[in-house]
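Take a look at the structure below.
Below, chain A is the first sequence line, B the second, and so on; all start at residue 1.
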Amino acid sequence: MAIEIPTLPEQLPTSAPRFVGKEVNRIEDPALVSGTVEFIDNLSLPGMLHCAILRSPHPHARVIKVDTRAAAALEGVEAVLTGEDVGRWCAPAFTAPEGWGSYCMAVDKVRFVGEPVAAVAATSRYLAEDALELIQVEYELLTPVANPDEAMAPGAPLLFEERGTNVIQSREYTWGEIDRVFADADRVVSRKFRWNRVGANPTETFGCICQWDLADNSLTCRGAYQTPRFMGLGRAASLKLPANKVRIITHAQGGGFGGKGGPRGTDIAALLSRKADGRPVKYIEDRMEYLLAGGGQSWDRYYDAALALQADGTVTGFKVRLVDDQGAGAEGYGTISAAKPLAAFTGNYRIEAASYDLTLVATNRAPTYPYRGYGPPPHNLVLESLMDIAARELAVDPAELRRRNYIRPEQFPYTVPSGNEYDSGNYAAVLDRVLEMADYRALREAQAKARAEGRLVGIGVVSTVEPGVFDWNAYATVGVPGVGVPEGVKVAVDVLGNVTVAVGFNLQGQGQFTVAAQVVADYLGVDMNAVKVATASTDVAMPHFGQGGSRLGVAVTGAILGACEKLKQTFCLLVAHLMHTGPEQVELMNGRLQLKGAPEHGMSIAEVAGVMLARSDLLPPGMEPCPEATFVWTAPNRNLPDDQGRCRSYLTAANATHIAQIEIDRHTGQVKILGYFIVDDCGTRLNPASVEGQLQGGVAQGVGAALFEEYVYDPQAQPLVTTFVDYLIPTIHEVPMTTKDHLVTPSPFAPLGAKGCGEGAIHTTPATLMCAINDALSPLGLEILETPASPHRLWKLLHGHGAA
Amino acid sequence: MTTMQKIHVTVNGKSHAREVEARLTLADFLRHELHLGGTHVGCEHGVCGVCTVLINGQSARSCLTLAVQADGANVTTVEGLRNRETGQLHPIQQAFVDAHGLQCGFCTPGFVMTTLELLGENPDPSDDEIKDALGGNLCRCTGYQSILESVRLAASRLQTTQSA
Ligand code: FES
Ligand code: FES
């Protein structure tokens with residue numbers, strides 16, 4: 001029988017949902033506030049050793065000799081690992097595109113500061129770090145490649161000599177008649193933008209405990225893993241093990257945001273365990289390691305972009321040239337970030353033609369990784385800034401210019417030139433609501449008054465689309481194969497009617513365990529506290545991906561609904577058999593399997609499960625005694641991309657408009673956020689409090705990217721940012737307390753109508769703040785097109801102009 | 001190379017006599033010697049506030065404090081807040097749950113301990129006073145709005161219990 005997944009909460013088998021759509025407390029929170037959750041560093045195993053990693057101080061050098069004798073002789077040191085072992089046992093990281101990966105530890109040369117060159121396992125972390133000081137490494141220095149210009153210059157030193165170039169990929173996508181629309185345009189606005197490196201920086205760094213079983217040559221890795229099965233596959237490849245001999249047990253994580261990292265640390269700890277006769281080895285990355293060489297650097301971009309407009313403000317074309325500094329290879333999948341914007345290239349607008357000229361370059365900066373949103377925040381900054389510049393040139397209000405170009409509600413589902421299909425939305429209604437909520441006219445009046453007093457007050461109005469529920473096909477352009485992202489669960493009812501949901505991922509902060517419990521409780525008509533959500537290790541879990549791509553809340557909802565539908569079908573068969581009727585006469589409603597039209601005749605879920613498990617004599621012939629069901633969900637109707645990368649990739653398209661009101665202090669260059677307003681539409685809100693938390697958290701990260709955070713490198717590719725004193729995470733003083741409201745346009749295609757909602761705010765906030773800053777600067781004829789708009793950068797701009 | 005020192009520390013009302021290396025941080029002592037894993041570490045260089053504990057009632061960064069410096073002191077960690085008998089959460093913890101003041105929860109023990117100190121000194125803080133008190137704690141998930149609400153909620157509940 002076909003499995004139908006409900007696309008609206010009203011379709012759940014309950015007279016009224018008690019949990020879905022409600023601000024229920026999260027089931028994960030009592031343990032988290034008590035400090036009893038087992039984050040990986042809270043776990044110790046018997047006989048466990050501690051790993052410390054020696055890292056390269058040079059951005060580019062040949063490793064001539066590593067002398068570890070003194071370290072190995074130190075009491076308490078049980079194993080030492082060098083590139084020699086790694087070259088013998090391992091393969092370089094698989095990358096997309098292929099061939100740009102390094103080994104987990106430098107085998108012949110180092111390509112960035114912080115790259116591992118040796119590691120030690122000792123009886124304590126303190127001792128392991130002592131031992132590192134005894135290791136002597138001889139390097140032959142090579143000329144570093146500090147930026148894409150240097151990397152692409154003729155005769156440039158090569159990071160990967162065998163590739164013959166530092167260009168990882170270069171190609172142009174053309175969608176529609178881009179040359180014609182630019183030739184026919186009444187106005188073209190173009191600018192260059194520079195987005196400096198930022199990154200995830202979850203408060204918990206990466207950590208793991210690895211144990212190599214020497215008897216059957218298998219590996220168990222416990223740790224802070226965001227995407228367990230994917231991580232397991234990668235380890236199997238790099239450690240040359242069959243994939244089913246790598247077991248990943250993922251622990252709760254102190255945040256991830258895509259930039260948790262972990263492959264190198266895991267491989268190194270695993271190999272140390274192998275060398276230490278199979279004793280477990282713990283590796284806990286520290287913050288300086290994370291900032292230097294962890295998974296936390298993303299989006300290092302140089303843009304040159306243009307917008308074509310007609311005299312009436314209709315935008316007809318959008319051209320983007322992007323040179324993206326990937327750092328030392330593609331091991332962190334930073335390449336994907338450059339492909340992601342295809343999912344919503346032209347934003348909220350009916351732009352008929354677009355082009356994307358994309359060059360991915362390797363340099364001696366640290367390799368880049370995913371970060372929340374996976375690429376659109378800089379892209380949206382470019383598009384939205386050009387919209388503002390066009391509005392200024394046309395003397396049209398920036399909100400009005402956007403409205404004129406919005407995709408209209410009746411046009412959905414709408415296929416954008418870059419190929420993706422947006423499911424639904426009402427952008428003008430979102431704009432109207434936020435303009436009203438912010439009292440936009442009053443904001444503009446206040447701005448006029450402030451300007452008259454010589455103050456630099458600016459307003460940004462920015463609209464974005466958040467592609468939700470990623471699919472691998474979105475990244476085919478950079479060489480990631482596949483269509484579909486399976487997410488599987490098992491739903492099990494025990495003999496007393498308690499329900500366990502087994503998933504393939506663990507807590508990371510977004511509240512997916514709670515969402516799982518809400519959905520299953522409403523479906524099966526039990527209380528949320530009768531539901532337990534448990535993490536299965538990769539060897540027994542259903543196919544899964546875990547957190548990533550603004551997808552998991554929707555995907556796990558789909559998987560649970562699918563499993564529940566299957567359970568319902570079996571339960572109906574059993575109850576029909578017991579009641580001597582046909583299964584079509586039985587329905588599930590409010591936790592009871594009952595006769596249609598005669599609901600007093602029925603059984604509770606617990607009774608049905610009890611019969612199944614304890615009264616085989618009552619079962620219909622051939623029925624398994626199993627009140628459990630598995631289901632693996634993937635987004636429906638996805639397809640392979642064409643030669644221009646076009647496909648139906650992300651299933652849902654949430655949208656939002658943010659308004660920021662800011663003031664720049666002329667004397668310090670500091671930006672003060674005076675007001676911040678958000679209206680969004682991510683369809684059905686499964687847990688409204690969690691959605692708001694995702695928005696506000698994204699705002700905070702957006703504030704960081706727009707105003708403070710930057711991985712600074714010197715001209716020799718030496719990182720200058722290695723602590724939280726230099727990498728400035730916004731505090732409670734810098735993040736605005738926002739005013740929020742929302743609309744609900746359910747997705748017609750997604751489970752319960754929910755759209756991916758974890759990334760929208762970081763897509764929008766940097767652009768909103770930069771537009772507001774440029775609005776403030778416009779009377780001076782100044783512009784800032786580089787992030788972050790730090791006090792220093794703004795002060796220099798104002799000072800150079802003599803306005804300070 | 002490693003000098004051992006005898007220390008006596010009272011943690012959450014329980015006294016511990018240990019021999020530790022002089023260089024052992026208080027955070028590592030609590031986490032790995034006493035197995036009180038609720039005090040997390042996020043930077044180990046004094047910026048993030050994730051490791052905040054109370055030493056003799058004053059908030060302190062346990063990553064920048066050596067265990068030997070806590071000799072003779074009274075330390076309170078997040079594990080000391082729940083009611084031991086009933087398992088009931090402390091009103092501050094409950095307020096964080098009710099106001100959705102956490103996501104990954106890794107920073108939360110630090111915020112809870114800082115809030116405990118704040119509300120002890122100032123039971124009815126203004127928003128600016130709350131922000132000043134929490135300005136040294138980083139949270140990468142929540143954007144702080146729900147944390148601010150949690151502290152407000154905790155303050156109002158504690159005041160009601162006290163005046164009742
Ligand atoms: S871990 Fe102590 S302040 Fe960050
Ligand atoms: S809740 Fe994750 S860092 Fe604060």
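At a heavy-atom separation below 4.5 angstrom, chain A is approached by B:K131, B:D132, B:L134, B:G135, B:L138, B:R140, B:C141, B:T142, B:G143, B:Y144, B:Q145, B:L148 within residues 131-150 of chain B.
Both the backbone and the side chain of A:E204 come within contact range of chain B, with heavy atoms under 4.5 Å apart. B:H32 touches chain A through its side chain: at least one heavy atom from C-beta onward sits under 4.5 Å away, while N, CA, C and O do not. Residue contact with chain B, scored on non-hydrogen atoms closer than 4.5 Å, is absent for A:V699. In this structure, the portion of A:F257 lying under 4.5 Å from any heavy atom of chain B is its side chain and not its backbone. Contacts of B:I130 with chain A are absent, with no heavy-atom separation under 4.5 Å from either backbone or side chain. Only the side chain of A:F39 comes within contact range of chain B, judged by heavy atoms closer than 4.5 Å. Only the backbone of A:A200 comes within less than 4.5 Å of a heavy atom in chain B; its side chain stays farther off. Proximity to chain B is absent for every atom of A:L507, based on heavy atoms less than 4.5 angstrom apart. For A:S124, no part lies under 4.5 angstrom from a heavy atom of chain B. Contact annotation for A:Q694: both backbone and side-chain heavy atoms come within less than 4.5 Å of a heavy atom of chain B. Heavy atoms closer than 4.5 Å to chain B are found in the side chain of A:V735, but not in its backbone.
The residue among B:L89, B:V97, B:V78 with the most heavy atom pairs within less than 4.5 Å of chain A is B:V97. Heavy-atom pairs under 4.5 Å with chain B were tallied for A:P730, A:G704, A:G698, A:A700; the largest tally goes to A:P730. Most heavy-atom pairs under 4.5 Å with chain A, from the set B:D128, B:I92, B:D28: that is B:D28. Between chain B and the residues A:I732, A:T731, A:V33, the largest count of heavy-atom pairs under 4.5 Å involves A:I732. For chain A, the option among B:H35, B:H90, B:H40, B:Q94 with the highest count of heavy-atom pairs below 4.5 Å is B:H40.
A:Q508 contributes atom CD, which lies 10.5 Å from atom CD of B:Q103 (distance to the nearest 0.5 angstrom). Between atom CG of residue B:L24 and atom CD of residue B:E33 there is a gap of 5.5 Å, rounded to the nearest 0.5 Å.
Distance alone, capped at 3.5 Å, is enough to place a donor-acceptor pair between the A:E289 side chain and the A:D286 backbone. For the pair A:T723 (side chain) and A:V725 (backbone), a donor-acceptor distance under 3.5 Å is present. A:S34 contributes no side-chain N or O that, together with a main-chain N or O of A:T36, makes up a donor-acceptor pair within less than 3.5 Å. B:N74 places no side-chain N or O within 3.5 Å of a backbone atom of B:N56 that could act as its donor or acceptor partner. Of the possible polar contacts, one joining the A:Y290 side chain to the A:N201 backbone as a donor-acceptor pair under 3.5 Å is found. A donor-acceptor pair is defined here as one N or O able to donate and one able to accept, closer than 3.5 Å; such a pair exists between the side chain of B:N12 and the backbone of B:T77.
Aromatic rings of A:Y225 and A:F206 (six-membered ring for Trp) have centroids within the 6.0 Å cut-off, being under it.
Ion pair A:D680/A:R685 flagged as a salt bridge, since at least one NZ, NE, NH1 or NH2 atom sits closer than 4.0 Å to an Asp/Glu carboxylate oxygen. Between B:D127 and B:R152 there is a salt bridge, since at least one side-chain N of the basic residue sits less than 4.0 Å from a carboxylate O of the acidic one. Salt-bridge check for B:R157 with B:D98: passed, with a basic side-chain N closer than 4.0 Å to an acidic carboxylate O.
When the shell of 6.0 Å around CD of B:E19 is examined, it contains more than 12 heavy atoms from other residues, nucleotides or ligands.
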Name each donor-acceptor pair under 3.5 Å that joins a side chain in residues 43-55 of chain B to protein atoms two or more places apart or in another chain, with its distance.
unit_1	atom_1	unit_2	atom_2	d
B:H45	ND1	B:C43	O	3.0
B:H45	NE2	A:F724	N	3.0
B:T52	OG1	B:G49	O	2.6

